[in-house]
*Asks:* 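I am attaching a structure below and will ask some questions about it afterwards.
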Amino acid sequence: MRIGIVLSSPPGYSETFFRSKIKGLQEKGHQVLLVTAATKEKFNGCEHRFHPTVSKNTWVQMFRLLWVGITLLPFVTRVLRYVRSERQEGTSLKRSIEKTYLNATLLKLHVDWLHFGFATMAIDRELVAKAIGARMAVSFRGFDINVYPIKYRSAYRDVWKHVDKVHSISNYLVEKAYTLGLPKETPYQIITPAVALQNLPTLQEKTTNQTLKLVTVARLHYIKGIDVLLETAALLREKEIDFTWEVIGEGTKRETERYLYHRYQLGLENRVHFTGKKEHREVVNTIANSDLYIQTSLTEGFCNAVLEAQACGTIAIAYATGGLSENIKNGQTGFLVETVSADALSTKIIEVLALKKEEKKKIRQQAVERVKQEFTIENQQQEFVDFYS
Amino acid sequence: MRIIIFDGSFRTTPFINRLVAGLAVNHEVYILGFNETIEKRIKDVRYIKLGSNQNKINFILTTLTLSFSKRSFSHFLKTFNLLFTKERKNIQQQNFEIAVSQIKPDLIHLQWPSLLPWCEHFLLNKKYKVLLSQRGSQTNITPFVNNVYFYYLKKWYPKISGFHSVSKSVLDKGEVIWKDSTKINEVVYTGLPLEQLTFKREYSKSTPLTLISVGRPHWVKGYCYALSSCKLLKDAGINFHYTIIGGSGDEELIYLRKELGLEDWVTFNERIPQGQVFELMKNASLLLISSIVEGLPNIAVEAMALGLPVLSTDCGGVTELIENHKTGWIVPSRNPMAMTSTIELFNELSLGKIQEVRLAARRKVEYQHADKQMIKGMEKLYSDCCTD
């Protein structure tokens with residue numbers, strides 16, 4: 001089978017999700033092809049093509065349009081079919097021509113499946129799969145379903161109409177997509193993120209750090225609940241807990257200022273450390289060396305970092321929001337907090353700290369075991385093979 | 001007195017415009033700006049162009065004219081050279097310095113701390129007195145989240161002749177940066193055209209209770225806490241509607257409104273002209289200010305002048321304006337519970353008590369925020385700086 005995967009940029013070295021997916025499909029004899037926006041780096045895991053670029057200079061753009069037009073000549077029936085279907089959907093002729101240009105690379109593909117790696121990637125490309133005689137698949141990530149439709153409510157109207165199969169990283173996102181108009185009869189498959197166990201530091205017997213070490217991996221963005229994180233830190237200090245809390249991730253200038261100022265107001269400069277973006281290896285090392293992993297997100301699609309914390313044997317605590325309730329088995333592989341509040345979270349942290357050594361050990365072991373059983377790259381690869389069959 | 005007002009552009013903010021118009025009656029006032037055209041010229045004020053980024057030819061002409069006025073051939077050649085190297089920032093700096101040297105002002109009034117780099121040369125050779133206005137996030141926030149900026153200000157503050165702050169709370173922030181017993185350091189409250197803000201004699205609480213906030217959706221406004229407060233109000237069974245004027249299109253606010261189940265209770269409006277804002281304010285029951293940090297919000301002064309009761313967080317200079325239960329209501333910032341209980345309390349108040357607060361509020365702003373006191377205060381500050 002030939003599968004075309006559409007992403008915004010080629011997967012980076014540490015992005016195991018797409019890399020292992022592609023590898024897994026190839027090992028089963030499928031041919032995979034990647035299409036992204038024009039980037040400097042070329043992906044070496046499979047054939048990699050680029051979407052045409054758009055120039056601000058009218059003359060340069062006219063020339064490109066002409067050139068792309070010529071290269072589309074051998075595919076004239078597909079192009080006509082595509083334009084006709086766009087016109088039937090009410091797209092103006094001018095916009096149909098623009099879309100033909102933007103989708104030119106996809107219109108030339110010979111594939112059985114056209115898989116958009118993020119739902120947002122499928123917007124304005126909804127009719128391409130049918131025009132090239134392929135089936136259309138779309139993956140749901142947290143941002144696609146939780147955040148993007150907040151401002152663009154009907155962004156997926158046409159995606160829902162034409163998608164043949166949905167891949168979601170959690171049940172929660174499918175349920176949420178139903179509320180956004182996804183028809184209940186659309187076939188879907190849940191394939192959660194997986195952990196490449198060989199990339200993790202070797203598991204060691206946990207010794208509690210003298211000063212309690214907490215860690216969170218989160219962009220500095222409101223959806224990650226950084227305000228409530230800081231308020232929780234203030235409560236822990238009030239309860240005289242000796243701790244430091246590292247927050248790994250970056251944000252826009254405005255958001256960074258927001259949280260730095262909140263930290264300044266609370267006088268938490270010596271407790272909470274915003275350490276910016278880090279290499280994946282460094283992130284997992286920090287998680288493995290921490291006493292607790294805390295996720296304060298207001299919602300999540302699934303959350304890789306929480307899964308990695310469990311794989312590292314670091315006890316994870318998160319709010320029971322979005323896909324997190326599927327990620328952590330409350331009381332077995334970590335802990336979920338029902339209400340999004342600093343009070344509830346700080347109370348839970350203190351409760352977990354007070355657990356007996358053996359109880360903590362048991363949670364850690366169960367978490368590691370579950371990841372080893374259910375969230376392996378091999379499982380994920382097999383699930384993707386099944387997805388297309 | 002000969003005064004340069006410098007805020008980087010000709011399009012100064014309304015309150016700077018009012019200051020300038022008042023000063024121009026008794027003083028020689030110049031506005032320097034990186035613009036080529038002036039939209040609203042204030043009477044008796046001289047505008048000096050420093051070259052804008054918008055138009056290359058005008059930029060070159062302005063630069064050459066300023067350089068020519070130096071009557072030095074070598075300077076003219078140097079300017080040509082600069083124009084060829086296209087070092088725009090350096091050329092603008094040169095234009096600024098030539099313009100100032102020609103005016104020979106008694107004082108340069110810098111409107112924002114971010115403009116300090118333009119004056120470094122004059123601060124070093126102490127040729128002119130420089131007064132700095134402390135206001136906005138450049139004084140309230142950035143120094144406390146950015147060490148490099150904090151130490152930059154700390155280095156240059158001792159070389160500045162005097163400081164103006166828009167509230168006591170801003171003055172205190174300035175003291176954290178640099179403190180000295182001989183420092184000329186005054187609060188001059190912003191003056192507003194109170195004669196144009198007619199006090200509404202009749203007031204009644206509407207049903208549902210109409211709560212409004214005014215201002216862009218920025219985290220400093222603390223709207224996320226106002227929404228949490230609305231959730232508590234809803235749960236308490238209070239019949240209300242909350243509108244944020246200028247709050248539309250913000251993802252976080254839309255998300256929170258949905259998550260908190262407030263879609264029928266909260267509206268986000270587009271930005272609208274001030275006249276329309278005042279009309280909406282006249283028909284509202286209570287103004288909510290949920291801010292985390294402010295200098296002294298003009299909207300509070302305007303509401304009090306118009307006769308709209310104000311409930312505000314204790315952010316920045318608000319406590320210098322509002323006395324709790326007397327001229328309005330004050331709650332701690334980032335505290336939805338306190339805000340909710342105060343709204344509930346307000347909802348129970350008699351119209352007589354509210355009328356008392358409204359009248360006291362109007363008296364307070366007339367005393368503290370009249371145009372005249374601002375002009376007088378600034379004139380005194382200027383003369384203090386110049387006689388120092």
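Just so we're on the same page: letters track the sequence lines, and every chain starts at 1.
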*Asks:* What part of B:Asn140 gets within 4.5 angstrom of chain A, counting heavy atoms only: side chain, backbone, both, or neither?
*Replies:*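 Just its backbone gets close to chain A.
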
*Asks:* For A:Thr299, is it the side chain, the backbone, both, or neither that has a heavy atom closer than 4.5 Å to a heavy atom of chain B?
*Replies:*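 Its backbone and side chain both get close to chain B.
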
*Asks:* Below 4.5 Å from any heavy atom of chain B, which atoms of A:Glu269 appear? Answer side chain, backbone, both or neither.
*Replies:*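 Neither part; nothing is under 4.5 Å.
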
*Asks:* Can you tell me which portion of B:Thr142 sits under 4.5 Å from chain A's heavy atoms? Options are side chain, backbone, both or neither.
*Replies:*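 Both parts, backbone and side chain.
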
*Asks:* Within a 6.0 Å radius of atom NZ on A:Lys277, are there more than 12 heavy atoms belonging to other residues, nucleotides or ligands?
*Replies:*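 12 or below, so no.
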
*Asks:* Measure distances from B:Val293 to the heavy atoms of chain A and classify the residue's part below 4.5 Å as side chain, backbone, both or neither.
*Replies:*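 Contact with chain A is through the side chain of B:Val293 alone.
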
*Asks:* Which distance, rounded to the nearest 0.5 Å, do you find between the CG of A:Leu266 and the CZ of B:Arg334?
*Replies:*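 Here the rounded value is 6.5 Å.
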
*Asks:* Which bit of A:Arg254 is near chain B, if near means a heavy-atom gap under 4.5 Å: side chain, backbone, both or neither?
*Replies:*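 Backbone plus side chain of A:Arg254, per the 4.5 Å heavy-atom cut-off to chain B.
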
*Asks:* What pair of heavy atoms forms the shortest contact from A:Arg258 to B:Cys224, and how long is it?
*Replies:*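 For A:Arg258 and B:Cys224, the tightest heavy-atom pair comes out as NH2-SG, 4.0 Å.
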
*Asks:* How many angstroms lie between CD1 in B:Ile292 and OH in A:Tyr261, if you round to the nearest 0.5 Å?
*Replies:*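 Reported value, rounded in 0.5 Å steps: 9.0 Å.
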
*Asks:* Could you tell me the separation between the CZ atom of B:Phe144 and the CD atom of A:Gln265, rounded to the nearest 0.5 Å?
*Replies:*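 It comes to 11.0 Å.
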
*Asks:* Are there over 12 heavy-atom neighbours, none belonging to B:Arg271, within less than 6.0 Å of that residue's CZ?
*Replies:*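 Atom CZ in B:Arg271 is not crowded, with 12 or fewer foreign heavy atoms closer than 6.0 Å.
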
*Asks:* Quick check: are there more than 12 heavy atoms from other residues, nucleotides or ligands sitting under 6.0 Å from OH of B:Tyr151?
*Replies:*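 At most 12 heavy atoms, drawn from other residues, nucleotides or ligands, come within 6.0 Å of this atom.
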
*Asks:* If you compare all heavy atoms of B:Ile254 against all heavy atoms of A:Lys151, which two are closest, and at what distance to 0.1 Å?
*Replies:*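 For B:Ile254 and A:Lys151, the tightest heavy-atom pair comes out as CD1-CG, 4.2 Å.
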
*Asks:* Heavy-atom count around A:Asn270 CG within 6.0 Å, excluding the residue itself: above 12?
*Replies:*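 No, CG of A:Asn270 has 12 or fewer neighbouring heavy atoms, counting only those of other groups under 6.0 Å.
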
*Asks:* Which atoms of A:Leu298 come close to chain B, meaning under 4.5 Å heavy atom to heavy atom: side chain ones, backbone ones, both, or neither?
*Replies:*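 Looking at A:Leu298, backbone and side chain both touch chain B.
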
*Asks:* Once rounded to the nearest 0.5 Å, what's the spacing between atom CG of B:Asn147 and atom CG of A:Leu260?
*Replies:*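 Separation between the atoms: 10.0 Å.
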
*Asks:* Let me confirm one number: the NZ-OG1 distance from B:Lys258 to A:Thr179, rounded to the nearest 0.5 Å.
*Replies:*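 With rounding to 0.5 Å, NZ (B:Lys258) is 5.5 Å from OG1 (A:Thr179).
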
*Asks:* I'd like to know whether CD of B:Glu263 has more than 12 heavy-atom contacts from other residues, nucleotides or ligands below 6.0 angstrom.
*Replies:*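 Yes, enclosed.
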
*Asks:* Could you check whether any side-chain heavy atom of A:Tyr222 comes within less than 4.5 Å of a side-chain heavy atom of B:Leu256, counting everything from C-beta outward?
*Replies:*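 A:Tyr222 vs B:Leu256: side chains apart.
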
*Asks:* Considering residues, nucleotides and ligands other than B:Lys179, do more than 12 of their heavy atoms fall under 6.0 Å from its NZ?
*Replies:*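 Not more than 12 within 6.0 Å, no.
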
*Asks:* How many angstroms lie between CD in A:Glu257 and NE2 in B:His218, if you round to the nearest 0.5 Å?
*Replies:*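 So the CD of A:Glu257 and the NE2 of B:His218 are separated by 7.0 Å.
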
*Asks:* Grab the two heavy atoms, one from A:His262 and one from B:Tyr225, that are nearest each other, plus how far apart they are.
*Replies:*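 The pair with the smallest heavy-atom distance is CE1-OH, 3.9 Å.
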
